[in-house]
Amino acid sequence: MESRRILVTSALPYANGSIHLGHLVEYIQTDIWVRLQKMCGHHCIYVCADDAHGTPIMLRAQEEGIEPEELIAKTQTEHEADFSEFLIGFDNFHSTHSEENRNFAEDIFKKLQHKDLINTRSVIDLFDPEQKVFLPDRFVRGTCPKCKAEDQYGDNCEACGATYSPADLINPHSALSGATPVEKENLHYFFQLGKLEEELKTWTQSNSLQPEISNKISEWFEDGLKDWDISRDAPYFGFEIPGATGKYFYVWLDAPIGYMASFKNYCERSGEDFDAYWNADSTAELYHFIGKDIAYFHTLFWPATLMGAGYRKPTNVFCHGFLMVNGKKMSKSRGTFIKARTYLNHLQPEYLRYYFAAKLGPGINDLDLNLDDFQQRVNSDVVGKLVNIASRCAGFISKKFDAKLSASFSSECEQAFAEATAANTEIKDHYEQRRYAEAIRSIMKIADQTNQLIDQYKPWEKIKDENCKEEVHQICSFGINMFRLLIGYLKPVLPELAGKAENFFNDELTWADLASGETLPEGHIINKFKPLMTRIESDKVEAMIEETKEQASAQAPVISASDPIDSEISFDDFAKLDLRVARISKAELVAGADKLLQLTLDLGEATGGLEKNVFAGIKSAYSPEELEGKLVVMVANLAARKMRFGLSEGMVLAASGDDSGLFVIHPDSGAEAGMRVK
RNA sequence: GGCUAUGUAGCUCAGUUGGUUAGAGCACAGCAUUCAUAAUGCUGGGGUCGGUAGUUCGAGUCUACCCAUAGCCA
């Protein structure tokens, strides 16, 4: 078989926080792919690095009262430990804040300049008049224009998730001085992507990108490519642009260059030939595994950078979806924003590797970590089905046959072994095409068939009959051989388990061994069987969630301060409100309104049978049918307000938090329409 | 708001170019079994495929609109 030369990367984790289970989807996906390639005898190199530049890192370092360099060094140590324990087998892990990366970034920038792909022009930025510096979005704070949460960043609101520009903030102020920012012209450097449009189009079309991504990319081309702003002003943690004092490369310019820098760093200590992988005429393969959120940095900006600077382009870019936990986005308060370290404190990494593999496909769908399913699936598949095969056969072999295997099977078993061997082509292809879930299904099907066969031969009965001893020897040896095959197929996913199993049957497995169809030889001695993997226990999963919740509540004061109690009012202020119980006599959809329902409220006999018309913004949480007949509380003396759809004569009270829920307030049973609420 | 995806049994997912009674694993129920880490085998119940309206002899599978979820908008 021809050996391929392959360079693989995972996206660079950002150095301002810990690795969490969401990150691990990608590293595990990549690692499985790389391990398969290596097992197949290909020359495959897997590099990564910490992404160490940008404003958030500066801010974080400031908060902790340390230099950015100290922060990123500390983070890198932590990241590497997490990856190593999750068995992510990087050949090199580096940092974008490195000499290699500085050299490449500067060199690439100069090449782009030389090709006339860089220009400059003035844009209006916010300026701090006291500190005399331009303010990055994150250095401007103010009230969210959408949800009115106070003290939010200039680019997005942490309370409601809205995105906007700093100029949209209410009461904007500089995070540095507190002064109100002023608008001022500022010089920026731009990468003129439009000049590479044709070449980029060709690349994106010829490159068998995932169809979802191709569709998305065609969108960028439709409006023509805009120039890309690649400079940021001091204060910034990054590389200064050559010949431009006080201007820095935007983090997204030098981050992907970090792939090259990390590989260069690897070449220097391994003797690998850098140019053979990166020159424009390279015949090596280059793959980037990334999350769907950063697709266009990798399918547009990054290839453009490489083209412009005269390097090779990626062979392909593989996008994956996001991790959900129990069907929802990871959430600190639900205890599902689980850090890699927290997981490791309670559970074995291979459980998660198996579960992710069992659910990963080639598409960009989000992947759900359902914790009950996780426990059941791993226990059932890996322990119950797979490891059980060795466990139920090993005893007979070691106790009754001096730990020696037979190499002759019944014709039925021989056929089963041949079929399982033949499946290697298909399984390998599933892995190669990143259809891990299908690979796992194929593998577990073989495990099922093996258990069925063992059941059929009933060695535990036959062992009682001296005449059937050879049959027992054969079926158990068959089981061990099938187990060996299955472990081999799962080795990319479960490298540690595979290592233990290889120890057990005194053999090391490559894909060629699996494909050969050969069994272990007659008389081959197996070692004493020890449990290779134990079951996931519920209390461990619960403990992990608890620990995550504790981490969240430790930060709670910061979170609760985002919505403090309003300033005090007098009783007289309160008494001005005429709150009444009302019955919804009619509720209907409003044509053309996204969020409104039109309610007819019956205020009962006490008010002389008064009815009011109210438009309530509760369509997202209630259907008209479920509201009709219900009692609610309304502000009855609120001045009527004219809306696009008609006159609204009051407000219905409802509770809402930042977690997108909306809950209408109902009086307890017994209340009647018209009653005062006080 | 625009765009790109996703929405199939309690849970997690498969369903090729539209075609006989919609599949798997887990969970559940019953039976068998005890070699094995309460593991294994057999049998069974359970979905009309997010909603509505279309195209078609025929749609989970095509079209339009709507709803929900995720991501992106340099």
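None of these values were measured; they are calculated from a predicted model. As a basis for the values below, the full set of heavy atoms in this structure was taken, side chains included, without hydrogen atoms, waters or symmetry mates. In what follows, every chain begins at residue 1, and chains take the letters A, B, ... in the order their sequences are listed.
Contacts of A:Gly395 with the nucleic acid, taken as non-hydrogen atoms under 4.0 Å apart, are absent. A:Met533 comes within 4.0 angstrom of a base, heavy atoms only. No contact: A:Asp372 has no heavy atom under 4.0 Å from any strand. Within 4.0 Å (heavy atoms only), A:Pro531 reaches at least one base atom of the nucleic acid. A:Ile454 comes within contact range of no nucleotide atom at all, as no heavy-atom separation falls under 4.0 Å.
Judged purely by distance below 3.5 Å, without hydrogens or angles, the side chains of A:Ser538 and A:Gln375 pair a donor atom with an acceptor atom. Under 3.5 Å, the side chains of A:Tyr489 and A:Ser442 contain no donor-acceptor pair of N or O atoms. Checked by atom type, the side-chain pair A:Gln456/A:Glu412 shows a donor-acceptor distance below 3.5 Å.
Across all strands shown, B:rU69 forms a Watson-Crick or G-U wobble pair, both distances under 3.5 Å, with B:rA5. With both pairing distances under 3.5 Å, B:rU16 is matched to nothing as a Watson-Crick or G-U wobble pair. Both distances falling under 3.5 Å, in either a Watson-Crick or a G-U wobble arrangement, occur for no nucleotide opposite B:rU33. B:rA74 is unpaired under the Watson-Crick or G-U wobble criterion, no partner having all donor-acceptor distances under 3.5 Å. With both pairing distances under 3.5 Å, B:rG10 is matched to B:rC26 as a Watson-Crick or G-U wobble pair. The nucleotide B:rC62 finds its pairing partner in B:rG54, both defining distances of the Watson-Crick or G-U wobble pair being shorter than 3.5 Å. Applying the Watson-Crick and G-U wobble criteria (two distances, each under 3.5 Å), B:rG47 pairs with nothing in any strand.
Aromatic ring orientation, A:Tyr27 versus A:His23: tilted (interplanar angle from 30° to 60°).
Here A:Gln210 does not reach the OP1 or OP2 of B:rU4: none of its side-chain N or O atoms lies under 4.0 Å away. For the pair A:Lys329 and B:rG71, the criterion of a side-chain N or O lying under 4.0 Å from OP1 or OP2 is met. Between B:rC13 and A:Arg377, no contact under 4.0 Å exists linking OP1 or OP2 to a side-chain N or O. Between A:Lys385 and B:rC26 there is a side-chain polar atom (N or O) within less than 4.0 angstrom of OP1 or OP2. One finds a side-chain N or O of A:Lys359 lying less than 4.0 angstrom from the OP1 or OP2 phosphate oxygen of B:rC13.
Remark: A:Asp366 does not engage A:Lys329 in a salt bridge, criterion side-chain N to carboxylate O under 4.0 Å. Ionic pairing of A:Lys292 and A:Glu212 is not present here: no N-O contact between side-chain nitrogen and carboxylate oxygen is shorter than 4.0 angstrom.
Listed nucleotides: B:rC11, B:rG41, B:rU37. Nearest to the side chain of A:Asp373: B:rC11. Which of B:rA36, B:rU69, B:rA14 sits closest to the side chain of A:Arg392 comes down to B:rA36. Ranking B:rA14, B:rU37, B:rA74 by closeness to the A:Phe529 side chain, first place goes to B:rU37. Here the side chain of A:Lys216 is nearest to one of B:rU37, B:rG71, B:rC73, namely B:rG71. Checking B:rU37, B:rU40, B:rG71 against every side-chain atom of A:Asn451, the shortest atom distance belongs to B:rU40. In the set B:rG41, B:rC13, B:rG71, the nucleotide with an atom closest to the side chain of A:Arg441 is B:rC13. The side chain of A:Asp368 lies closest to B:rC13 when the candidates are B:rU6, B:rG41, B:rC13. In this structure, the nucleotide among B:rA27, B:rA14, B:rU34 sitting nearest to the side chain of A:Gln376 is B:rA27. Distance from the side chain of A:Met324 is smallest to B:rU69 among B:rU34, B:rU69, B:rU12. Distances from the side chain of A:Asn370 to the nucleotides B:rU40, B:rU4, B:rC11 place B:rC11 closest.
In the interface, the side chain of A:Asp366 is not paired with the base of B:rA70 through any donor and acceptor atom under 3.5 Å apart.
Comparing B:rG71 with B:rC65, their C1' atoms sit 23 Å apart, to the nearest whole Å. For the C1' atoms, the distance from B:rG58 to B:rU20 is 11 Å, rounded to whole Å. B:rG18 and B:rA59 are spaced 13 Å apart, taking the P atom of each and rounding to whole Å. Here the separation of B:rG15 from B:rG7, taken at their C1' atoms, is 15 Å to the nearest Å. Comparing B:rG60 with B:rU17, their P atoms are spaced 16 Å from each other, to the whole Å. Comparing the P positions of B:rG19 and B:rC62 gives an interatomic distance of 11 Å, to the nearest angstrom. Of the P atoms belonging to B:rU56 and B:rA22, the separation is 25 Å, rounded to the nearest Å. The P atoms of B:rG46 and B:rG10 are separated by 12 Å, rounded to the nearest whole Å.
Here B:rA36 presents its P atom at 16 Å from CG of A:Leu532, a figure rounded to the nearest Å. Rounding to whole angstrom units, CD of residue A:Gln456 and C1' of B:rC42 are separated by 12 Å. Spacing between atom NZ of A:Lys328 and atom P of B:rU69 amounts to 11 Å, rounded to whole angstrom units. The interatomic distance linking A:Lys464 (NZ) with B:rC35 (C1') rounds to 10 Å, in whole Å. Rounded to whole Å, the distance from CG on A:Leu117 to C1' on B:rA74 is 17 Å. Between the P atom of B:rU40 and the CG atom of A:Leu386 lies a distance of 12 Å, rounded to the nearest Å. Taking atom CZ of residue A:Phe221 and atom C1' of nucleotide B:rA74, one finds them 13 Å apart after rounding to whole Å. We find that CD of A:Glu438 is positioned 11 Å from C1' of B:rU16, with the value rounded to whole Å.
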Query - From CA spacing to verdict: side-chain contact (heavy atoms from CB on, under 4.5 Å), A:His288, A:Trp302 - result: CA-CA 11 Å; A:His288 301 299; A:Trp302 174 232; 2.9 Å; yes

Query - salt bridge (charged side-chain N to carboxylate O under 4.0 Å, His left out) evaluation trace for A:Arg377 with A:Asp381 - result: CA-CA 6 Å; A:Arg377 183 82 189 265; A:Asp381 281 6; 3.1 Å; yes

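Residue whose closest nucleotide on RNA chain B sits further toward the 5' end, between A:Ala437 and A:Asp293: A:Ala437. Nearer to the 5' terminus of RNA chain B, by closest-nucleotide assignment, is the contact made by A:Pro211 (compared with the other of A:Glu461 and A:Pro211).
Checked against A:Glu471 for a salt bridge (Lys or Arg N to Asp or Glu O under 4.0 Å), the options A:Lys400, A:Lys462, A:Lys458 give a single hit: A:Lys462.
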